[in-house]
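Notes for the one structure printed next.
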Amino acid sequence: MKTLIYFLAFICLFSVNVNSQTKSQKPENPVPLIDRSIFFDNPEIEDGKLSPDGQYISFMKSYNGIKNIWVKNFNEPFDKARRLTNLEQPVGNYFWTDDGKYILYVKDKGGNENYNIYAVMPSAAKGNSHDIPDSRNLTPFDNVRVRIFMMSKKDPDIMMIGLNNRDPKWHDLFKLQISSGKLTKIRENKDRLTNWIFDWDEKPRIAVRNPEDGSTELLNTDSDGKMNKIYTVSPLEYSYPYVFNKNNDQLYLETNKGAENNFIKLVLLDPKTGTATDVEKDPQNRVDLRYAVFSDLRKDLIYTSYTDDKERLYFKDKIFETDYNLLKSRFPNTQIEINSLTKDEKKWLFTVSGDAKVATVYLFDRDSKQITEQYTPRPKLKAYEAYLSPMQPIRYRSSDGLEIPAYLTLPKNVPPEKLPLLVFPHGGPWGRSYWGFNSVAQLFANRGFAVLDPNFRGSTGYGKNFLDAGNLQWGKLIQDDITWGIKHLVQQGIVDPKRVTIMGVSYGGYATLAGLAFTPDVYAAGVDIVGPSNLFTLLNTIPPYWEAARKMFELRMGSEKTEEGKKILKEASPLFSAEKIKAPLLIIQGANDPRVKKAESDQIVIALRNLNRTVQYILADDEGHGFDKPVNNMAMVAAAEKFLAQYAGTRYQQDMPEDVAKRLNEMTVAIETVKLEK
């Protein structure tokens with residue numbers, strides 16, 4: 001099954017103590033203070049995957065505080081599982097080969113996002129150095145980021161990958177033999193190629209190219225290796241190739257090409273003529289196609305997904321739809337996600353969850369129709385399910401009248417009047433937030449905050465016009481979309497305007513800095529997590545393998561190649577308005593971040609220090625763009641919770657485990673020592 005998934009997650013470590021509270025908590029409040037660990041500790045079991053034959057289940061489980069890969073026979077209890085890895089840092093992803101012989105996983109070093117591919121045999125004997133099988137690094141290169149283009153089903157020992165060891169900007173095409181680690185170069189990339197699509201015969205048929213003008217081209221590869229351009233979209237349009245149809249003569253493609261197409265739709269593209277035939281667009285004509293799911297068994301489309309306020313699925317496979325509807329009938333008013341299938345697609349692992357419902361994973365046998373519970377990632381949260389807060393989709397108008405979709409989470413059993421507010425803008429900005437269980441929203445709602453999660457202009461999913469409305473609007477209309485959401489809640493009487501705070505990650509961190517700098521009277525405090533402060537240095541330090549997107553950054557943010565572009569970038573950079581910042585600020589940064597360099601945080605810390613503003617700085621020497629190690633992440637959450645409570649008057653959890661307190665102390669930087677490195 002091939003899916004396109006977007007996600008952003010926090011993973012943390014903490015211990016349980018529901019009695020810890022501050023004096024600001026009202027005794028009559030019946031909602032207990034839920035320990036952070038119940039939201040953010042390593043899940044007890046997570047990310048289960050069925051082996052292709054269904055005989056085994058692999059999953060992630062903590063070992064020495066870090067999530068590792070485990071495997072068990074399907075009929076064994078989970079506590080009898082066998083650990084396969086000894087990781088010092090969480091992996092980016094893992095998966096089975098088609099024959100079930102290997103589990104492959106990708107891992108970087110300290111968050112630098114230079115991923116290598118590792119292989120481990122679940123059936124292997126114990127290795128030389130550990131009480132586990134040996135893992136092999138199949139791509140043992142430093143400062144190289146591996147891309148996976150195709151996992152072979154005809155020969156599961158083969159995979160097609162991209163390596164940027166010759167040129168850090170572009171990935172050459174290689175064949176990798178898993179058993180031996182042998183690499184064979186197939187094609188050197190001197191044509192700005194960014195992706196390869198293989199047909200069902202596993203031939204490289206379509207290449208994706210990004211010229212310097214920022215457009216995207218699809219190239220058809222003929223038998224002699226020549227590539228012919230068959231389809232082009234402009235720099236501000238989108239296309240994404242999926243798979244070939246079962247006849248291998250047409251390609252499924254997402255696209256919003258042309259002025260007549262506001263929303264992304266699914267088409268079939270003829271590689272010979274470049275002609276695109278519509279397959280489906282949103283039946284309600286409201287949002288983009290989110291993703292399409294295909295059967296590797298039948299080589300056909302199963303269903304499509306669209307996310308408006310909530311997700312809508314449209315099935316092409318009626319038998320699949322019947323089985324899915326059976327699950328919906330067994331678990332009404334929930335969100336059901338199919339996570340893993342066996343090779344014959346007769347067994348599913350699926351998750352049942354909701355905005356205020358704890359996720360539980362089940363197995364579905366399609367032949368017998370039997371449903372059996374497998375595990376709950378956060379079982380301790382079950383006891384507090386009655387105290388979780390619903391996530392409400394809302395809409396409001398921005399400064400220019402544009403309607404902004406958002407999600408609002410209110411504290412449980414508290415009148416929605418004059419509440420403290422935490423604004424939590426998503427990253428990107430070319431991404432979006434989704435309805436469902438959100439640990440950040442639940443934690444801070446439990447502390448007494450209303451939590452606003454706006455999908456401001458520039459967010460994806462709402463059509464090309466909504467996305468393009470954010471062009472050149474960093475710190476301007478995009479920021480208005482956030483500010484007017486606050487005004488909307490204040491006007492309704494829900495929010496106390498004197499207790500408004502903001503926190504975000506990546507672009508959300510930028511929005512935090514921009515909010516404090518450009519609307520200084522709005523916020524009482526802010527927490528910036530890996531957010532850029534200076535758009536000039538941000539653009540000059542983007543990773544080399546993002547070269548294909550450089551033009552898109554210029555068009556959507558501003559170009560320093562023109563005087564007008566420089567003006568836009570300077571006006572949008574919070575660093576150059578640091579003197580306007582009045583509210584206390586907590587800045588959190590990973591030293592190895594390849595996207596938003598450490599200098600982005602150093603610059604604003606130094607500026608605020610020199611202005612005698614209230615600023616605190618947390619820096620992790622073993623993290624990148626966001627914190628992955630549980631002890632680091634829990635220390636960060638604890639610091640953010642305490643910091644915001646000081647200025648919003650909310651309750652917070654004061655205690656923390658010894659290792660978390662120790663790590664927080666190690667990561668806390670003395671402001672007077674911060675220097676800007678060259």
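The shown structure was predicted, so the numbers you read here are calculated from the model rather than taken from an experiment. By convention here, the first residue in the shown sequence is residue 1.
Side-chain contact between Gln89 and Asp108 is present, with at least one heavy-atom pair separated by less than 4.5 Å. Side-chain contact between Leu419 and Pro411 is present, with at least one heavy-atom pair separated by less than 4.5 Å. Looking at Leu84 and Pro133, their side chains come closer than 4.5 Å, going by heavy atoms from C-beta outward. Under the 4.5 Å side-chain criterion, counting only non-hydrogen atoms from C-beta, Asn446 is in contact with Arg651. Between Val500 and Val495 the shortest side-chain heavy-atom distance falls below 4.5 Å. A 4.5 Å side-chain heavy-atom check between Gln374 and Leu349 finds at least one atom pair inside the cut-off. Contact of the Ile529 side chain with the Met636 side chain is registered, since non-hydrogen atoms from C-beta on lie closer than 4.5 Å. Within the 4.5 Å cutoff, the side chain of Leu516 has heavy atoms near those of the Ile502 side chain.
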When you look at Tyr407 and Asn455, which way does the side-chain hydrogen bond (donor to acceptor under 3.5 Å, both in side chains) test go after all the steps? CA-CA 8 Å; Tyr407 297 103; Asn455 279 317; 4.8 Å; no

Carefully, step by step, assess Glu658 and Lys662 under the rule salt bridge (Lys or Arg N to Asp or Glu O under 4.0 Å). CA-CA 6 Å; Glu658 184 178 343; Lys662 179 176 180 291; over 6 Å; no

Decide side chain to side chain contact (heavy atoms under 4.5 Å, CB included) for Asp528 and Ile588; before the verdict, give the C-alpha distance in whole Å, the side-chain angles of both, and the deciding distance to 0.1 Å. CA-CA 6 Å; Asp528 155 35; Ile588 300 169; over 6 Å; no

Checking Lys61 against Glu44 for the salt bridge (Lys or Arg N to Asp or Glu O under 4.0 Å) test, could you report, in this order, the C-alpha distance in whole Å, the side-chain angles of both residues, the deciding distance, and whether it holds? CA-CA 6 Å; Lys61 179 182 175 181; Glu44 292 194 10; over 6 Å; no

Walk me through whether Arg36 and Asp41 qualify under salt bridge (Lys or Arg N to Asp or Glu O under 4.0 Å). CA-CA 7 Å; Arg36 297 183 202 98; Asp41 194 357; over 6 Å; no

Please evaluate residues Leu163 and Thr139 with respect to the criterion side chain to side chain contact (heavy atoms under 4.5 Å, CB included), reporting the C-alpha separation (whole Å), side-chain torsions for both, the decisive distance (0.1 Å), and the verdict. CA-CA 9 Å; Leu163 291 174; Thr139 55; 4.3 Å; yes

Between Asp35 and Lys380, is a salt bridge (Lys or Arg N to Asp or Glu O under 4.0 Å) present by the stated rule, with each step listed? CA-CA 10 Å; Asp35 192 288; Lys380 294 176 183 177; over 6 Å; no

Could you walk me through whether Leu33 and Gln653 satisfy the side chain to side chain contact (heavy atoms under 4.5 Å, CB included) test, starting with their C-alpha distance in whole Å, then the side-chain angles of each, then the deciding distance to 0.1 Å, before giving a yes or no? CA-CA 7 Å; Leu33 190 77; Gln653 182 179 339; 4.1 Å; yes

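Aromatic ring centres of Trp474 and Phe518: separated by at least 6.0 Å. Within the 6.0 Å centre-distance limit, the rings of Phe456 and Tyr507 are counted as a close aromatic pair. Phe78 has its ring centre less than 6.0 Å from the ring centre of Phe59. Aromatic rings from Phe444 and Phe449 are positioned such that their centres are separated by under 6.0 Å.
Rounding to the nearest 0.5 Å gives a distance of 5.5 Å between CG of Leu138 and CZ of Arg136. Taking CG of Asp593 as the reference point, atom OG of Ser506 lies at 7.5 Å (rounded to 0.5 Å). In this structure, CG in Asn42 is found 9.5 Å from CE in Met634, a value given to the nearest 0.5 Å. Distance check: Ser439 OG to Arg378 CZ gives 5.5 Å after rounding to the nearest 0.5 Å. If you take CD1 on Ile587 and CG on Leu513, they are separated by 6.0 Å, rounding to the nearest 0.5 Å. Taking CZ of Arg82 as the reference point, atom CH2 of Trp70 lies at 11.5 Å (rounded to 0.5 Å).
The neighbour count for Tyr387 OH, taken as heavy atoms of other residues, nucleotides or ligands under 6.0 Å away, does not exceed 12. More than 12 heavy atoms of other shown residues, nucleotides or ligands fall within 6.0 angstrom of atom NZ in Lys598. Annotation: Lys169, atom NZ; neighbour count of heavy atoms from other residues, nucleotides and ligands within 6.0 Å does not exceed 12. In this structure, Lys382 places its NZ atom where more than 12 heavy-atom neighbours from other residues, nucleotides or ligands lie under 6.0 Å away.
Between the side chain of Asn164 and the main chain of Val144, no donor-acceptor pair closer than 3.5 Å is present. Here the side chain of Ser433 pairs no donor or acceptor atom with the backbone of Ala406 at under 3.5 angstrom. Between the side chain of Arg609 and the backbone N or O of Val674, at least one donor-acceptor pair lies under 3.5 Å. Judged by distance alone, with hydrogens and angles left aside, the side-chain atoms of Gln603 form a donor-acceptor pair with the main-chain N or O of Ala599 at under 3.5 Å. Checking side-chain atoms of Asp355 against main-chain N and O of Met391 turns up a donor-acceptor pair under 3.5 Å. Using a distance-only test at 3.5 Å, with no hydrogens or angles considered, a donor-acceptor pair links the side chain of Lys412 to the main chain of Ala386.
A salt bridge links Asp47 to Lys49: one of the charged nitrogens lies within less than 4.0 Å of a carboxylate oxygen. Under the 4.0 Å criterion applied to side-chain N and carboxylate O atoms, Arg595 and Glu113 are assigned as salt-bridge partners. A salt bridge does not link Lys629 with Asp659: none of the charged nitrogens is closer than 4.0 Å to a carboxylate oxygen. In summary, Glu641 and Arg447 engage in a salt bridge, as defined by a charged side-chain N under 4.0 Å from a carboxylate O.
For the pair Arg145 and Tyr545, the distance from NZ or CZ to the six-membered ring centre is under 6.0 Å and the angle to the ring normal is within 45 degrees. For the pair Arg83 and Tyr63, the distance from NZ or CZ to the six-membered ring centre is under 6.0 Å and the angle to the ring normal is within 45 degrees.
Counted by atom type alone, Glu600 and Asn534 present zero donor-acceptor pairs between their side chains at under 3.5 Å. A side-chain donor-acceptor contact under 3.5 Å links Asn116 and Asn137. Side chains of Thr360 and Thr376: a donor on one and an acceptor on the other come within 3.5 Å. Side-chain atoms of Asp622 and Asn632 include a donor-acceptor pair closer than 3.5 Å. Checking Tyr94 against Ser58 by side-chain atom types alone, a donor-acceptor pair falls below 3.5 Å. Side-chain contact annotation: Tyr523 with Thr512, donor-acceptor N/O pair under 3.5 Å absent.
For the side-chain contact (heavy atoms from CB on, under 4.5 Å) with Met503, the lone residue among Val440, Val451, Val423 that qualifies is Val440. Each of Trp96, Tyr118, Tyr115 was checked for a ring-ring contact (aromatic ring centres under 6.0 Å, His included) with Tyr105, and the lone residue meeting it is Tyr118.
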